[in-house]
Asker: 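Next up is a structure, given as structure tokens.
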Amino acid sequence: MPKKNSTFVTEFLFEGFSSFGWQHRLVFFIVFLTLYLLTLSGNVIIVTIIRLDRHLHTPMYFFLSMLSISETFYTVTIIPRMLSGLLYPYQAIDIQGCATQLFFYLTFGINNCFLLTAMGYDRYVAICNPLRYSVIMGKKACIHLASGSLGIGLGMAIIQVTSVFGLPFCDDFVIAHFFCDVRPLLKLACTDTTINEIINFVVSVCVLVLPMGLVFISYVVIISTILKIASAEGRKKAFATCASHLTVVIIHYGCASIIYLKPKSQSSLAQDRLISVTYTVITPLLNPVVYSLRNKEVKEALRKAICLRPFSS
């Protein structure tokens, strides 16, 4: 129960990077702004190229374009306010604005997790069941998988937001983070949060451990299938189609798992904030960079666009 004579909070302040001097914050601002603009432009380029080049109208690139769109909304939810906070520390946000930010952050973050899982399933079918690939991964199946990913994201976000903002917030109003996240908000609640922490852990397991497990199983089968390919060239080509996806998966799930699956006793908000920079600023940039640099078809489409050669009709 809230303490007597407590004042209920109507807005929060972000602590952000206020512990750093203005010179360091200015450097952070320039670096993060550059990465943010690169992420936005990279995702826009990927979506545009996939839309224009008919050679890229395949399930793998459909999911890549959906991931790029989702990553764009994900970064727009977090980074502009973070950049503003670097220039002007301790910015205020009302409870409704905080709930809205948390909702969209969770929706698109969880959507990304399950889109990566769908991409893993696509690679599994392509390599392990190539003769039925076009039947299994038809247009309708791709739309269902993408819609299901977004639906899970929306559902989990509603559960988390309802759980967190059903709590009373009293005297403490400084969020030890640069955006509204579940754990920093639970630390500000002026009542017992055991049930809410259990809900947060269960949701984290569902959206991290389950997709990671499915991707891991897929790649065990994929690798065993690739190793059975007779020619070295065939094995190299098969591995190449999976390398980009596997790189993004490892970094994406790895950073999120460190924050959301570690025990509360080992939780450090300062450490979480540092890792959060990785998966809110750096990881979203990996999607366009990794897929454009490691993928021959995307690089060829980029060359066509740069050289103003006509796309295939």
Asker: Atom CD in Glu11, atom SG in Cys98: separation rounded to 0.5 Å?
Answerer: 11.0 Å
Asker: Tell me whether Ile282 shares a hydrophobic cluster with Tyr253, the cluster being built from Ile, Leu, Val, Met, Phe, Trp, Tyr side chains joined at under 4.5 Å.
Answerer: yes
Asker: Closest approach of Thr107 and Ala157, non-hydrogen atoms and distance?
Answerer: OG1-CB, 3.3 Å
Asker: If I compare all heavy atoms of Thr75 with all of Thr72, which pair ends up nearest, and what's the gap?
Answerer: OG1-O, 2.9 Å
Asker: Using the ring of each side chain (for Trp, its six-membered ring), is Phe169 parallel, tilted or perpendicular to Phe12, with breaks at 30° and 60°?
Answerer: perpendicular
Asker: Give a yes or no on this: more than 12 heavy atoms of other residues, nucleotides or ligands lie within 6.0 Å of atom CZ of Phe165.
Answerer: yes
Asker: So which of Leu210, Ile250, Thr117 actually passes side chain to side chain contact (heavy atoms under 4.5 Å, CB included) with Val215?
Answerer: Thr117
Asker: Apply side chain to side chain contact (heavy atoms under 4.5 Å, CB included) to residues Phe201 and Val205 and explain how you reach the verdict.
Answerer: CA-CA 6 Å; Phe201 181 76; Val205 168; 3.7 Å; yes
Asker: More than 12 heavy atoms of other residues, nucleotides or ligands under 6.0 Å from CG of Leu227: yes or no?
Answerer: yes
Asker: Indicate the ring-plane relationship of His24 and Phe28, choosing parallel, tilted or perpendicular according to the 30° and 60° boundaries.
Answerer: tilted
Asker: Treating Arg81 as the side-chain partner and Phe179 as the backbone partner, does any N or O pair qualify as donor plus acceptor under 3.5 Å?
Answerer: no
Asker: Do Leu167 and Thr193 come close enough that some side-chain heavy atom pair is under 4.5 Å?
Answerer: yes
Asker: Do the side chain of His177 and the main chain of Glu15 share a donor and acceptor less than 3.5 angstrom apart?
Answerer: no
Asker: Enumerate, atom names and distances included, each donor-acceptor pair closer than 3.5 Å involving a side-chain atom of residues 130-138, sequence neighbours excluded.
Answerer:
unit_1, atom_1, unit_2, atom_2, d
Tyr133, OH, Asp122, OD1, 2.5

Asker: Using atom types as modelled and distance alone, determine if a side-chain donor or acceptor of Gln160 lies under 3.5 Å from a backbone N or O of Val203.
Answerer: no
Asker: Check the pair Val182, Ser163 against side chain to side chain contact (heavy atoms under 4.5 Å, CB included), reporting the backbone distance first and the verdict last.
Answerer: CA-CA 9 Å; Val182 176; Ser163 167; over 6 Å; no
Asker: Ignoring hydrogens and angles, state whether a donor on the side chain of Tyr90 or Ser18 is under 3.5 Å from an acceptor on the partner side chain.
Answerer: yes
Asker: Please list, one pair per line, the donor and acceptor atoms closer than 3.5 Å that link side chains of residues 30-46 to other protein atoms, with sequence neighbours excluded.
Answerer:
unit_1, atom_1, unit_2, atom_2, d
Thr34, OG1, Ile30, O, 2.7
Thr39, OG1, Leu35, O, 2.8
Ser41, OG, Leu37, O, 2.8
Ser41, OG, Leu38, O, 3.1
Asn43, OD1, Ser68, OG, 3.4
Asn43, OD1, Asn287, ND2, 3.4
Asn43, ND2, Thr39, O, 3.2

Asker: Rounded at 0.5 Å granularity, tell me how far CD1 in Ile69 sits from CZ in Phe108.
Answerer: 10.0 Å
Asker: Can you spot which of Thr280, Leu86, Leu83, Ile79 makes a side chain to side chain contact (heavy atoms under 4.5 Å, CB included) with Phe178?
Answerer: Thr280
Asker: Does atom CZ of Phe29 have more than 12 heavy-atom neighbours from other groups under 6.0 Å away?
Answerer: yes
Asker: Is there a side chain to side chain contact (heavy atoms under 4.5 Å, CB included) between Phe173 and Leu188? Walk through the geometry before answering.
Answerer: CA-CA 7 Å; Phe173 57 90; Leu188 297 183; 5.9 Å; no
Asker: Is it true that, when you exclude Phe103 itself, more than 12 heavy atoms of the residues, nucleotides or ligands shown sit nearer than 6.0 Å to its CZ?
Answerer: yes
Asker: Looking only at non-hydrogen atoms, find the nearest pair between Asp192 and Asn196 and report the distance.
Answerer: O-OD1, 4.1 Å
Asker: Can you see which heavy atom on Asp53 is nearest to which on His57, and at what distance?
Answerer: O-CD2, 3.3 Å
Asker: Can you list the residues that meet the side chain to side chain donor-acceptor pair (under 3.5 Å) rule with Ser70, with sequence neighbours excluded?
Answerer: Asn111, Asn112
Asker: Quick one: does Phe114's side chain get under 4.5 Å of Leu150's, heavy atoms only?
Answerer: no
Asker: Does the side chain of Cys180 come within less than 4.5 Å of Phe14's, by heavy atoms?
Answerer: yes
Asker: Determine yes or no for a side-chain-to-main-chain donor-acceptor pair under 3.5 angstrom, with Ser224 supplying the side chain and Val221 the backbone.
Answerer: yes
Asker: Rounded at 0.5 Å granularity, tell me how far CG in Asp172 sits from CG in Leu13.
Answerer: 11.5 Å
Asker: With rounding to the nearest 0.5 Å, note down the distance linking CZ in Arg123 to CD1 in Ile222.
Answerer: 8.0 Å
Asker: Are Leu214 and Tyr121 linked, directly or through other ILVMFWY residues, by side chains that come within less than 4.5 angstrom of each other?
Answerer: no
Asker: Would a distance-only check, ignoring hydrogens and angles, find a side-chain to backbone donor-acceptor pair under 3.5 Å from Asp94 to Gly97?
Answerer: yes
